[in-house]
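Predicted, not measured: the structure shown is a model, and the values here were computed from it. We number each residue from 1, following the sequence as shown.
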Amino acid sequence: MPAAIIDGNAIAAQIRDEVRADVARLAAAGVQPGLAVVLVGDNPSSISYVRGKTRDAAEVGMHSDTIRRPADITQDDLLRLVEELNADPAWHGVIVQLPLPPHIDESAVTAAVRPEKDVDGLNPINVGRLFRGEPAFVGATPAGVIELLLRTGHDPAGKHAVICGRSNLVGKPLAGLLIQKARGGNATVTICHTATPDVAEHTRRADILIPVMGQPRTITADMVREGSVVIDVGITRVPDATKKSGGRLVGDVDFEPVAAKAAAITPVPGGVGPMTRAMLLSNTVIAARGGPAARA
Ligand SMILES: NC(=O)c1ccc[n+]([C@@H]2O[C@H](COP(=O)([O-])OP(=O)(O)OC[C@H]3O[C@@H](n4cnc5c(N)ncnc54)[C@H](OP(=O)(O)O)[C@@H]3O)[C@@H](O)[C@H]2O)c1
């Protein structure tokens, strides 16, 4: 039996509908959720991501703005801007688009976003709270992976989840969610990285396999257990002369052969990507409502 294709676009649309209803309820109570996005420099990918974020926010009735600064902004000036946004009650969520230019310390900037407005979940206070099992903002991508699993009937509880990748952005917070004694957690978690001697030895034992490497088509069918659930977070643009744009997006998974073996799989594009966009909106509504609740 070929794998069921997990439709990230459809699930993200459900989440956006839920957010839209929440925004309307908040508006009736006199609160318009606001998302401020800071964009430094003119990296074309960042510009396109930021445009998507503000457009998504406007579509669900949120107030959103992009605050642009030149690539040569000093770290002090950027930190001052973050402080201004922290202090402005119009903004419930504040995010700084990464990557930042090399002369700026990304950790210092993400740590400067007040934990109550940190809808990217990158402030160390939120990271610590997540791992301690306390209410915390969690980044949109790891949160989106858990929502995809839960909403498609693949509760991680009692399963062996194998994550390939240990970034602060996705791999580590995802592991933090999966190990919690809470809804969306209770999995046994293995994390692989470039110092793992035999990645396939671990991936073959996964009930739920989540590659987050940025290494196109690295997870081949021989690395995947029959009947597993595969959530492909990786996205890489590869050259493709048959496309007008000259390229196309591929995941970390060798999709067709793996889909022939797995029980369920996310496509790229159309899997985790749209969930990331939707969960940022969800986090902003949570911020406008007063902050995250404990995970049941
Ligand atoms: N779908 C979405 O919305 C979304 C959101 C965020 C990121 N992404 C995508 O996810 C991918 C990863 O992003 P990231 O920010 O986490 O990247 P990153 O910071 O570069 O981290 C990549 C991780 O993968 C590990 N890795 C690389 N090659 C490996 C291999 N052959 N075997 C095992 N582990 C390997 C690295 O190990 P070391 O730590 O040992 O170097 C590192 O921990 C990218 O393609 C990115 O575009 C997608």
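Between G171 and I163, the shortest heavy-atom distance links the atoms O-CD1, 3.9 Å. Across all non-hydrogen atoms, the minimal contact from G121 to V127 is O-CG2, 3.7 Å. P99 and S46 make their closest contact through CD-OG, 4.1 Å (heavy atoms, listed as atom of the first residue, atom of the second, distance). Minimum interatomic distance between W91 and H63 (heavy atoms only, all atoms of both residues): CH2-NE2, 3.3 Å. Minimum heavy-atom separation, Q180 to G133: OE1-CA, 3.1 Å. Here the closest heavy-atom approach between residue V253 and residue P211 is recorded as CG2-CG, 3.7 Å.
Residues R205 and H160 are in side-chain contact: their nearest non-hydrogen atoms beyond the backbone lie under 4.5 Å apart. The side-chain heavy atoms of V38 and I95, taken from C-beta on, include no pair separated by under 4.5 Å. The side-chain heavy atoms of I47 and P44, taken from C-beta on, include no pair separated by under 4.5 Å. Contact of the I104 side chain with the V109 side chain is registered, since non-hydrogen atoms from C-beta on lie closer than 4.5 Å. Taking the side chain as every heavy atom from C-beta outward, E147 and I11 never approach each other to under 4.5 Å. Using a 4.5 Å heavy-atom threshold, the side chains of V19 and E59 count as separate. The side-chain heavy atoms of V199 and M223, taken from C-beta on, include a pair separated by under 4.5 Å. Contact of the V96 side chain with the T110 side chain is not registered, since no non-hydrogen atoms from C-beta on lie closer than 4.5 Å.
Under the 4.5 Å side-chain heavy-atom criterion for Ile, Leu, Val, Met, Phe, Trp and Tyr, V229 and V145 are members of the same hydrophobic cluster. Put simply, I15 and L150 are part of the same group of oily side chains (I, L, V, M, F, W, Y) that touch within less than 4.5 Å, one to the next. When hydrophobic clusters are built by joining Ile, Leu, Val, Met, Phe, Trp and Tyr residues whose side-chain heavy atoms come closer than 4.5 Å, directly or via intermediates, V162 is not grouped with I6. In the hydrophobic cluster analysis, where Ile, Leu, Val, Met, Phe, Trp and Tyr join through side-chain heavy atoms closer than 4.5 angstrom, V170 is grouped apart from V268. Connection of L39 to V113 is not established within any shared hydrophobic cluster, with ILVMFWY side chains joined at heavy-atom distances below 4.5 Å, either directly or through further cluster members.
Although no hydrogens or angles enter the test, the distance criterion places a donor-acceptor pair under 3.5 Å between the side chain of D232 and the main chain of G234. Here the side chain of R204 pairs a donor or acceptor atom with the backbone of D222 at under 3.5 angstrom. Using modelled atom types, no side-chain atom of S282 and backbone atom of A278 make a donor-acceptor pair closer than 3.5 Å. At least one donor-acceptor pair under 3.5 Å links the side chain of E106 to the backbone N or O of L100. D65 contributes no side-chain N or O that, together with a main-chain N or O of A36, makes up a donor-acceptor pair within less than 3.5 Å. A donor-acceptor pair under 3.5 Å is formed between the side chain of D118 and the backbone N or O of N123. Here the side chain of S228 pairs no donor or acceptor atom with the backbone of V224 at under 3.5 angstrom. In this structure a side-chain-to-backbone donor-acceptor pair under 3.5 Å is present from H92 to G34. Checked by atom type and distance alone, the side chain of Q97 never pairs as donor or acceptor with a backbone atom of V50 at under 3.5 Å. A donor-acceptor distance shorter than 3.5 angstrom exists from the side chain of N283 to the backbone of V138, with no hydrogens or angles considered.
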Check against salt bridge (charged side-chain N to carboxylate O under 4.0 Å, His left out), K261 and E256: CA-CA 9 Å; K261 243 178 137 178; E256 290 81 9; over 6 Å; no

T236 vs L249, side chain to side chain contact (heavy atoms under 4.5 Å, CB included): CA-CA, chis, key distance, verdict: CA-CA 5 Å; T236 308; L249 298 177; over 6 Å; no

Evaluation steps, salt bridge (charged side-chain N to carboxylate O under 4.0 Å, His left out), between D207 and R225: CA-CA 7 Å; D207 300 311; R225 199 173 62 71; 2.8 Å; yes

Worked check of salt bridge (charged side-chain N to carboxylate O under 4.0 Å, His left out) between E18 and R151: CA-CA 14 Å; E18 291 163 17; R151 290 182 188 233; 2.9 Å; yes

D76 vs T74, side-chain hydrogen bond (donor to acceptor under 3.5 Å, both in side chains): CA-CA, chis, key distance, verdict: CA-CA 5 Å; D76 282 350; T74 65; 5.6 Å; no

Full working for side chain to side chain contact (heavy atoms under 4.5 Å, CB included) between F255 and I5: CA-CA 11 Å; F255 184 81; I5 307 296; 3.6 Å; yes

Verdict with supporting geometry, V23 and V285, side chain to side chain contact (heavy atoms under 4.5 Å, CB included): CA-CA 7 Å; V23 170; V285 157; 3.7 Å; yes

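Side-chain contact annotation: N86 with E83, donor-acceptor N/O pair under 3.5 Å present. Judged purely by distance below 3.5 Å, without hydrogens or angles, the side chains of T196 and H202 never pair a donor atom with an acceptor atom.
A distance of 4.5 Å separates CG in L174 from CD1 in I210, rounded to the nearest 0.5 Å. How far CE of M213 is from NE2 of H193: 13.0 Å, rounded to the nearest 0.5 Å. Note that the OG1 atom of T188 and the CG atom of L178 stand 10.0 Å from one another [nearest 0.5 Å]. Residue I231 holds its CD1 atom at 9.5 Å from CE of M275, rounded to the nearest 0.5 Å. To the nearest 0.5 Å, atom SG of residue C164 and atom CD1 of residue I219 are 4.5 Å apart. Taken to the nearest 0.5 Å, the CZ atom of R69 stands 8.5 Å off from the CG atom of D77.
Ion pairing between a basic and an acidic side chain is recognised when a charged N comes within 4.0 Å of a carboxylate O; R289 and D22 show such pairing. We find that E84 and R114 are not joined by a salt bridge, their nearest charged nitrogen and carboxylate oxygen being 4.0 Å or further apart. The pair K53-D56 does not count as a salt bridge, with every side-chain nitrogen at least 4.0 angstrom from each carboxylate oxygen.
Heavy atoms from other residues, nucleotides or ligands lying under 6.0 Å from OH of Y49 number 12 at most. The local environment of CG in D42 is sparse, with at most 12 non-hydrogen atoms from other residues, nucleotides or ligands closer than 6.0 Å. For R183, the CZ atom counts as loosely surrounded, since its 6.0 Å shell holds 12 or fewer non-hydrogen atoms of other residues, nucleotides or ligands.
Paired with V233 under the rule side-chain contact (heavy atoms from CB on, under 4.5 Å), one option of T266, D252, V212, T276 passes, and it is V212.
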